[in-house]
*Asks:* 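My questions will all concern the structure given below.
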There are 2 protein chains.
Amino acid sequence: MARLKSPSRHALVDSALKLFWKQGYRAVSMGDLVRETGVSRGSIYSDFSGKEALFHACLDRYQEKVVTPAFSVVEEKDAGLRAIRHYLENLLARSEAHRGPDSGCLVLNTLAQVTNEDAETMARLRAHGDRLQTGIHQALARENKKLQRLEDCEVEDLARFTLISIQGLWSQSRGTKDTAALRQYCDTLLDLLATRLGLAGG
Amino acid sequence: MARLKSPSRHALVDSALKLFWKQGYRAVSMGDLVRETGVSRGSIYSDFSGKEALFHACLDRYQEKVVTPAFSVVEEKDAGLRAIRHYLENLLARSEAHRGPDSGCLVLNTLAQVTNEDAETMARLRAHGDRLQTGIHQALARENKKLQRLEDCEVEDLARFTLISIQGLWSQSRGTKDTAALRQYCDTLLDLLATRLGLAGG
DNA sequence: CTTGTTTTGGAATGATCGTTCCAATAGCAT
DNA sequence: ATGCTATTGGAACGATCATTCCAAAACAAG
């Protein structure tokens, strides 16, 4: 009943996450994981019941290691439209740091491969979507409180619109290295949000 | 040197396309293809050099069987903003016809799974993106000719924005069956386009 | 050192994969 | 009927997969 020590376990999940993120669940073999993570087969199976459980751990780790640092600015108690702008600019900076196209979003990549029967995975994907939707919605609602141009349901619609737009951004970021286009897209999106909320553009 | 007759060949590719669309390239096995298409192993390999070649044929067939019927309205010589609206409404109608979430877009699903080294596949994905980008751009440029509110480069930016937005729409359509949200998203997008082009909203 | 635990590296297993091959069958022309 | 071709169904193959197992090595504590 050997169990990996915590630091080793984190390093394992981090390396596995990187592989799953770039190549997708099915394309990564156990042999790849052993080679890239430097952790032996025995140790992997002593901590995870199998490949799928390890993948789920990676999805969870992705939340705390990637999503939270990027999105927490929107989730803060006083976040408004400015926070959404900061979030998007962080995404752009991250994308521009790569030379080629990046790996996009692990959650959206997974969504494109998973079948509806895989409930465990689907639940995590849905939780991610709900998290973003809620965060954006609250930030927009807070911003709307100032001028009160929109009804509550209109704010919710606008939040959903923003969420889908960001999904398009992620999808595009995996296909192209044209960061100027991504930046222009963010500008247009932010301009739309400002207009709807009754703020001056820019 | 047996070769499938044309109708049989089309039926094979159509069935394979359906599988690849729903489950993704790697999740579909040759056994699945034999079972679902009703075509024997020997016949498949007599017409295609392997699984990958069959998949490429499916990507090509997806263009002519799915993309062209939906997108040709935008590619017509006199297409404008109204054509883009029709295109989007067809997408919504298609999505609403399903009861659960649909399979999204085969091209975008593939983009989320493919690695950059797979040049043959990547070329097809890029061609798809270029096709949509060009069609949208020309339609918007034609619409802009009337009022001439935008510079040429602004029209190109707007076309790119529209393309990415549509990608978000596809991505979302695979994850949720909330067609009302999709419809609202399209409305917002069209409203934005009309505003930018100097037209009255709605 | 010795003892006990953790981790390793790799062999073994059974399943499934893509691919090849071919005798048997079906269809269609003559 | 006879021949020719198209298609089938499935056996066979080697590769690779996820998973299991375990003897050896590494390590920690006494």
Side-chain angles (χ1 to χ4, degrees), chain A residues 1-59 61 109-110 113-115 117-121, chain B residues 1-59 61 109-110 113-115 117-121:
Chain A
M1 293 301 159
R3 299 202 90 215
L4 283 175
K5 285 179 181 170
S6 236
S8 189
R9 191 188 143 98
H10 273 166
L12 163 61
V13 176
D14 283 346
S15 299
L17 168 58
K18 211 186 302 184
L19 278 184
F20 285 132
W21 195 351
K22 192 172 303 183
Q23 310 188 37
Y25 176 73
R26 306 193 95 96
V28 176
S29 75
M30 242 22 193
D32 295 333
L33 289 170
V34 169
R35 192 182 331 105
E36 294 292 321
T37 67
V39 180
S40 67
R41 279 178 149 75
S43 297
I44 294 179
Y45 277 97
S46 73
D47 255 43
F48 299 95
S49 64
K51 187 186 174 187
E52 196 173 348
L54 174 57
F55 179 63
H56 290 155
C58 288
L59 282 176
R61 186 124 181 87
N109 294 349
T110 303
Q113 326 184 34
V114 82
T115 15
E117 302 97 53
D118 186 352
E120 287 263 355
T121 301
Chain B
M1 291 297 161
R3 300 200 90 217
L4 283 175
K5 284 178 178 170
S6 237
S8 188
R9 190 187 145 100
H10 273 165
L12 162 62
V13 176
D14 284 346
S15 298
L17 167 58
K18 213 187 300 183
L19 279 184
F20 284 133
W21 194 351
K22 192 172 304 181
Q23 313 190 35
Y25 176 72
R26 306 193 92 99
V28 176
S29 74
M30 243 21 197
D32 294 334
L33 289 169
V34 169
R35 192 181 334 104
E36 293 292 320
T37 66
V39 180
S40 68
R41 281 180 147 76
S43 296
I44 294 179
Y45 278 97
S46 72
D47 254 44
F48 300 95
S49 64
K51 189 186 173 188
E52 196 173 347
L54 174 56
F55 180 64
H56 290 155
C58 288
L59 282 176
R61 186 124 181 86
N109 294 349
T110 303
Q113 327 185 30
V114 83
T115 18
E117 301 95 55
D118 186 351
E120 287 262 356
T121 301

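All of these numbers come straight from a predicted model, not from anything done at the bench. Below, chains carry the letters A, B, ... as their sequence lines are ordered, and counting in each starts from 1.
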*Asks:* Quick one: B:Ile44 CD1 to D:dA6 C1', roughly how many Å, whole number?
*Replies:*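 That distance rounds to 15 Å.
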*Asks:* Kindly indicate, with the supporting measurements, whether the criterion side-chain hydrogen bond (donor to acceptor under 3.5 Å, both in side chains) is fulfilled by A:Thr115 and A:Asp118.
*Replies:* CA-CA 6 Å; A:Thr115 15; A:Asp118 186 352; over 6 Å; no
*Asks:* What integer distance in Å separates A:Phe55:CZ from D:dA18:C1'?
*Replies:*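 Distance, rounded to whole Å: 16 Å.
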*Asks:* Between B:Ser43 and B:Ser40, do the side chains contain a donor N or O and an acceptor N or O under 3.5 Å apart?
*Replies:*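 Yes.
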*Asks:* Does A:Lys51 have any side-chain contact (heavy atoms from CB on, under 4.5 Å) partners at least two apart in sequence or in another chain, and if so, which?
*Replies:*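 A:Lys51: side-chain contact (heavy atoms from CB on, under 4.5 Å) contacts with A:Phe20, A:Tyr25, A:Met30.
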*Asks:* The test is side-chain contact (heavy atoms from CB on, under 4.5 Å); show your working for A:Val28 and A:Trp21 and say whether it passes.
*Replies:* CA-CA 10 Å; A:Val28 176; A:Trp21 195 351; over 6 Å; no
*Asks:* Take atom CG of A:Leu19 and atom P of D:dC17, then tell me their distance rounded to the nearest Å.
*Replies:*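 One finds 13 Å between P of D:dC17 and CG of A:Leu19, rounded.
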*Asks:* Please test B:Arg35 against B:Asp32 for side-chain contact (heavy atoms from CB on, under 4.5 Å), starting from the C-alpha separation and ending with a verdict.
*Replies:* CA-CA 5 Å; B:Arg35 192 181 334 104; B:Asp32 294 334; 3.1 Å; yes
*Asks:* Tell me, for nucleotides 9-23 of chain C in 5' to 3' order, what letter each nucleotide earns: B for a base near a protein heavy atom under 4.0 Å, S for only sugar-phosphate near one, - for neither?
*Replies:* BB------SSBB---
